[in-house]
Engineer: 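Structure in structure tokens, see below.
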Amino acid sequence: KQEVTQIPAALSVPEGENLVLNCSFTDSAIYNLQWFRQDPGKGLTSLLLIQSSQREQTSGRLNASLDKSSGRSTLYIAASQPGDSATYLCAVRLNTDKLIFGTGTRLQVFP
Amino acid sequence: GAVVSQHPSWVICKSGTSVKIECRSLDFQATTMFWYRQFPKQSLMLMATSNEGSKATYEQGVEKDKFLINHASLTLSTLTVTSAHPEDSSFYICSAREGAGENNEQFFGPGTRLTVL
């Protein structure tokens, strides 16, 4: 059974810091991996999708890497801003079509 | 980008009543739609997967007679919580996908907050 874990569970940092959020999964047979952002009481916003054949994706200040063999992905946020405060979720897509979500990292960036 | 809407955004109902939540793909045809629920400070748990014109496939532990899913068209899926009870109070999120290939993402709706009194 695929399990997805995110570390840390919560993170509070001052504005301007570079951050690394971690995601680990137990079964490397994934179709792709996706990082999402969720604001309180809201739905999900897709940030980055990494296909199983790729090792990283970049969008603006965000960079996500994928190491299938070790079952790990990291989301790197450069020069964090208060507007980055949210919960970040990673999710792996199985070959069976399902998305399995991680436990989430609650990020707070203070001015 | 692809847009998925949900209606209503929030609903409060009395115990024992049924509640219907709609999920619509606004600018694409969704061959597959997914329903998730999320408890406070927890992650999303998949409830069921539905393909247009077919019966939904429910995850283990999800009662299909309680959570009725209808995916009658390529742009609309509905989730009906029948005889709702306080323990059904949760945040329900749908997602929709146009195809099944590796490049086809799930696009998520804004969620529906259900509170059962």
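So that the names make sense, note that chain A is the first sequence line, chain B the second, and so on, each numbered from 1.
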Engineer: Measure B:Leu44 against the heavy atoms of chain A and call it side chain, backbone, both or neither at under 4.5 Å.
Structural biologist: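 Contact with chain A: backbone and side chain both.
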Engineer: In terms of hydrophobic clustering (I, L, V, M, F, W, Y; side-chain heavy atoms under 4.5 Å; direct or indirect links), are A:Leu11 and A:Leu62 co-clustered?
Structural biologist: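 Yes, because A:Leu11 and A:Leu62 connect within a single hydrophobic cluster, where side-chain heavy atoms sit under 4.5 Å apart.
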Engineer: Using every non-hydrogen atom in the two residues, find where B:Phe28 and B:Ser25 come nearest and quote the distance to one decimal.
Structural biologist: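 Shortest heavy-atom separation between B:Phe28 and B:Ser25 comes out as O-OG, 2.8 Å.
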Engineer: Consider side chain to side chain donor-acceptor pair (under 3.5 Å). Of B:Thr82, B:Asp88, B:Thr80, which one does B:Lys66 pass it with?
Structural biologist: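 Considering B:Thr82, B:Asp88, B:Thr80, a side chain to side chain donor-acceptor pair (under 3.5 Å) with B:Lys66 is found only for B:Asp88.
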Engineer: If you tally heavy-atom pairs under 4.5 Å against chain B, which of A:Gln34, A:Arg106, A:Gln38, A:Gln6 wins?
Structural biologist: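 With the most close heavy-atom pairs to chain B, the winner is A:Gln38.
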Engineer: Can you tell me if CZ on A:Arg37 sees more than 12 non-hydrogen neighbours from other groups inside 6.0 Å?
Structural biologist: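 Enclosed.
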Engineer: Given the options A:Leu44, A:Ile100, A:Val4, A:Thr103, which has more heavy-atom pairs under 4.5 Å with chain B than any of the others?
Structural biologist: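 Counting heavy-atom pairs under 4.5 Å, the top option is A:Leu44.
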Engineer: Mind ranking A:Pro40, A:Gly104, A:Gly41 by heavy-atom pairs under 4.5 Å with chain B and telling me who comes out on top?
Structural biologist: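 Going by pairs under 4.5 Å, I would pick A:Gly41.
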Engineer: Only pairs of heavy atoms separated by less than 4.5 Å count here; which of B:Gln6, B:Lys41, B:Gln38 has the most with chain A?
Structural biologist: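 Of B:Gln6, B:Lys41, B:Gln38, B:Gln38 has the most heavy-atom pairs under 4.5 Å with chain A.
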Engineer: Is the NE2 atom of B:His7 crowded by more than 12 outside heavy atoms at less than 6.0 Å?
Structural biologist: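 Count not over threshold, so no.
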